[in-house]
Number of protein chains: 4
Amino acid sequence: MTGRSGRVRSETARVAILQATARIFGSRGYDHLTIEGVAAEAGVGKQTIYRWWHSKGELVADALLEGLLLPEPLLPPDTGDLRADLTTWLRDVFGLLQRPGGDDLVRSLAAAAAENADVGRRIRDSLGATSELAARLRTGVEAGQLPPGVAIEDFGDVLVGAVVLRALARTETDEAAAERLVSVVLGGAPQR
Amino acid sequence: MTGRSGRVRSETARVAILQATARIFGSRGYDHLTIEGVAAEAGVGKQTIYRWWHSKGELVADALLEGLLLPEPLLPPDTGDLRADLTTWLRDVFGLLQRPGGDDLVRSLAAAAAENADVGRRIRDSLGATSELAARLRTGVEAGQLPPGVAIEDFGDVLVGAVVLRALARTETDEAAAERLVSVVLGGAPQR
Amino acid sequence: MTGRSGRVRSETARVAILQATARIFGSRGYDHLTIEGVAAEAGVGKQTIYRWWHSKGELVADALLEGLLLPEPLLPPDTGDLRADLTTWLRDVFGLLQRPGGDDLVRSLAAAAAENADVGRRIRDSLGATSELAARLRTGVEAGQLPPGVAIEDFGDVLVGAVVLRALARTETDEAAAERLVSVVLGGAPQR
Amino acid sequence: MTGRSGRVRSETARVAILQATARIFGSRGYDHLTIEGVAAEAGVGKQTIYRWWHSKGELVADALLEGLLLPEPLLPPDTGDLRADLTTWLRDVFGLLQRPGGDDLVRSLAAAAAENADVGRRIRDSLGATSELAARLRTGVEAGQLPPGVAIEDFGDVLVGAVVLRALARTETDEAAAERLVSVVLGGAPQR
DNA sequence: CTCTAATCGAGACGGTACGTCGTGTCTTAGC
DNA sequence: GCTAAGACACGACGTACCGTCTCGATTAGAG
């Protein structure tokens with residue numbers, strides 16, 4: 001079959017590159033992330049990066065896929081009260097954004113997604129049907145808190161989209177905002 | 001009194017710069033937009049740009065403000081049936097995205113917003129309380145199609161955020177998706 | 001006793017490498033000659049080159065030694081008239097230089113010699129005491145056309161040096177120049 | 001006439017670049033001379049070099065033209081004895097070659113000349129009809145020590161060519177060699 | 001007839017330098 | 001005082017080669 005030969009790809013280098021990417025992405029943001037910087041930080045030749053990734057977008061997408069960019073996903077609680085649980089989740093998300101660099105992270109991801117289709121798709125994947133949020137929504141449907149035909153993916157999109165938009169637009173993200181957003185999707189007026 | 005004197009700012013140059021910005025932004029996207037490119041395209045010295053704008057973000061923000069970047073805003077119809085009207089509006093928006101370069105435009109705006117706070121805020125402004133969508137929602141409240149306490153701004157955010165997220169994630173945007181999204185915010189199952 | 005064993009050096013590879021070297025040297029010159037290029041052209045791994053040669057200078061020196069770089073050496077005639085014979089020889093040499101790539105070849109050799117001592121020495125060897133020119137000069141001494149104590153090697157150096165210098169300086173090399181050069185070393189004025 | 005405008009070329013930068021070139025050329029030789037190195041040494045952007053010179057060859061040619069590369073030209077004495085004077089001159093030249101880096105300098109110039117036509121021509125110019133050597137030869141013709149029709153330029157070429165060839169070939173350059181070379185061009189046997 | 005060790009092709013690796021592009025600042029001359 | 005033009009120091013780009021280092025796969029003696 002194929003005449004495979006030659007030295008094998010170095011796992012050490014691969015990992016060093018992705019970690020360096022994550023480190024720089026986290027500290028300086030997507031648009032101060034440079035291939036040269038990653039190479040230097042990882043102690044690697046530039047060509048070793050270009051051999052395996054075609055752009056810094058792909059690099060970020062891969063780091064994202066390895067879970068090096070995002071903090072642990074937030075678990076929405078399941079108290080039986082869907083409205084309360086979603087509000088709690090959203091409040092936690094907003095809490096992340098308010099931590100120093102939290103909104104920068106989201107904006108950097110948006111910039112990366114804008115430039116690179118892979119990043120976009122992978123962000124979506126990690127938020128989509130397989131996410132913690134979607135799981136909670138599904139139990140909501142089973143418990144009759146949501147109508148049976150509801151589109152769970154779109155439900156999630158709507159919440160996450162609102163979060164992203166607020167990060168891009170630098171809208172304030174306080175607790176009341178969390179409640180208002182939940183009210184928009186669950187109907188009714190905000191509690192407070 | 002004050003030593004006011006000297007040549008006055010050239011309106012010709014200002015307009016040429018913003019139009020060049022819009023032209024390049026539209027055809028090559030935000031990250032191929034360069035100050036040098038704009039200067040050349042506008043037949044202007046670079047310094048003339050730097051004197052009045054501090055970054056390409058501001059440039060884009062200004063072009064946006066002048067309405068040079070976006071097509072005419074979409075008017076949601078007012079047939080009395082809010083669900084149908086919102087679905088129509090969303091379908092029209094998706095139509096824009098499906099035109100060649102339509103989703104690139106949204107992604108470019110996201111990239112610009114990620115990099116520059118002004119762009120973010122201005123995008124939000126043009127979509128916010130003063131937008132056509134907000135107006136239609138307000139008539140919905142008056143007509144009793146929406147509960148009186150609903151947060152109109154957040155309602156809009158949620159829809160627009162979903163659109164932006166779909167553009168970033170390259171999610172398909174067909175008619176059924178429009179209906180599903182409307183159902184998420186208005187409750188109930190999609191019609192079809 | 002000694003652990004002699006293992007695969008023996010491949011003559012095929014050796015020859016392919018030297019021929020590839022000669023081919024590239026001839027067509028692209030010394031400074032576009034790269035080890036990677038030679039390896040590719042010869043269908044050989046780079047390591048196989050580095051195992052047997054330490055630099056591209058040595059490579060060229062070896063190709064030179066195998067006679068792969070230079071055309072057949074020019075024979076000075078022996079008509080009994082030394083001045084005429086030397087002029088003929090020099091005219092032939094100039095003829096080589098005027099062929100397309102002829103002066104490039106000499107300049108490439110100079111560049112190689114400048115960088116690598118071996119090349120320099122080998123060029124000298126092939127032009128020195130063992131050369132055709134030296135042989136003709138020796139018969140000139142025997143025939144009394146040159147004084148008995150004359151330094152034959154230096155005599156050759158002087159002529160070859162003038163040729164190299166003209167190639168480096170891009171001086172024109174016409175027939176009259178050949179006669180003038182011969183006059184310089186043999187004394188008297190040029191014939192024409 | 002032409003609409004000249006824009007900032008004027010910086011003489012400071014020009015001089016710094018040529019001096020850095022000379023410094024590096026002298027200490028590390030032509031093939032360790034890099035544009036990046038010159039830029040760094042001169043405290044200048046690379047583009048400033050590329051704007052005015054097309055290759056490192058041109059750079060060296062210019063530095064040569066400014067007299068930054070070569071030591072003061074050697075004056076042949078004029079004692080009335082042409083043979084003695086030429087021998088003295090050649091001995092001095094060989095003395096330069098024997099100083100540390102002296103032959104490297106000549107070889108570097110040869111390499112530069114091989115790569116760049118300008119360098120070649122300028123070396124020739126500075127050694128040619130206008131040189132000190134040519135002047136001494138001319139007085140030799142006037143004094144009847146050389147035949148009237150002798151080609152002075154070629155006479156010089158022959159001597160200089162021999163020197164260059166010896167540098168390239170790493171031939172030893174002792175005093176006896178100087179005498180032998182002079183004998184070749186002046187006829188007769190070396191004195192000693 | 002196996003074992004062993006040097007060679008082969010291939011090709012990834014950490015580097016250096018290339019020549020280009022864009023940044024933001026500065027210096028001209030012209031209006 | 002603003003403008004078009006354009007040079008400047010700087011930083012990053014993506015590419016080409018360098019010389020070194022694995023990798024299987026051959027391929028000869030030595031046992």
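FYI, side chains are in, hydrogens and waters are out, and symmetry mates aren't considered; it's all heavy atoms of this structure. Numbered from 1 within each chain, the chains take letters A, B, ... in sequence-line order.
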- Assess whether one donor atom and one acceptor atom, taken from the side chain of A/K46 and the base of F/dG14, lie less than 3.5 Å apart. yes
- Message: Ignoring hydrogens and geometry beyond distance, is the side chain of D/R7 in donor-acceptor contact with the base of E/dT28 at under 3.5 Å?
- Response: no
- Message: Judged by each residue's nearest nucleotide on DNA chain E, which is more toward the 5′ side, A/G43 or C/V44?
- Response: C/V44
- Residue met sooner reading DNA chain F from 5', once D/R51 and C/E36 are mapped to nucleotides: D/R51
- Send over the distance from D/E41 CD to E/dA17 P, rounded to a whole Å. 13 Å
- Phosphate contact (F/dG24 OP1 or OP2) by A/S5 side-chain N/O below 4.0 Å: no
- Atom pair distance, as rounded to whole Å: CD1 in A/I35 and C1' in F/dG11: 15 Å
- Query: Which of these, B/I35, B/L59, B/D62, sits in a side-chain contact (heavy atoms from CB on, under 4.5 Å) with B/I17?
  - Reply: B/L59
- Side-chain atoms of B/Y50 come closest, of F/dG19, E/dA17, E/dG24, to E/dG24
- Message: How many whole angstroms separate atom CH2 of C/W53 from atom C1' of F/dT20?
- Response: 18 Å
- Item | Interatomic distance, B/R14 CZ vs F/dC2 P [rounded to whole Å] | 16 Å
- Message: How close do D/T21 and D/A63 get, counting heavy atoms only, and between which atoms?
- Response: CG2-CB, 4.2 Å
- Query: When the distance from CD1 of C/I49 to C1' of F/dC21 is rounded to whole Å, what number comes out?
  - Reply: 16 Å
- Rounded to whole Å, the CD-P distance (C/E11 to F/dA28) equals 14 Å
- Pair C/D125 + C/R121, salt bridge at N-O below 4.0 Å: no
- Residue closer to the 5' end of DNA chain E, A/S10 versus B/H32 (nearest nucleotide): A/S10
- Does a nitrogen or oxygen in the side chain of D/T48 sit under 4.0 Å from OP1 or OP2 of F/dA7? no
- Item | Donor/acceptor link under 3.5 angstrom from C/R9 side chain onto base of E/dT7 | no
- Query: Which nucleotide in the set E/dT27, E/dG9, E/dC13 lies at the smallest distance from any side-chain heavy atom of A/W52?
  - Reply: E/dC13
- Query: Got a salt bridge between C/R14 and C/E66, using NZ or NE/NH1/NH2 to carboxylate O under 4.0 Å?
  - Reply: yes
- What is the distance from NE2 of D/H54 to P of E/dC18, rounded to the nearest Å? 16 Å
- Note on the structure: Closest to the 5' end of DNA chain F, once B/A13 and C/Q47 are matched to their nearest nucleotides, is B/A13
- Salt-bridge test for C/E41 and C/R28: reply yes if a basic N is under 4.0 Å from a carboxylate O, no otherwise. no
- Item | Length of the line joining A/L59:CG and F/dA12:P, which is rounded to integer Å | 15 Å
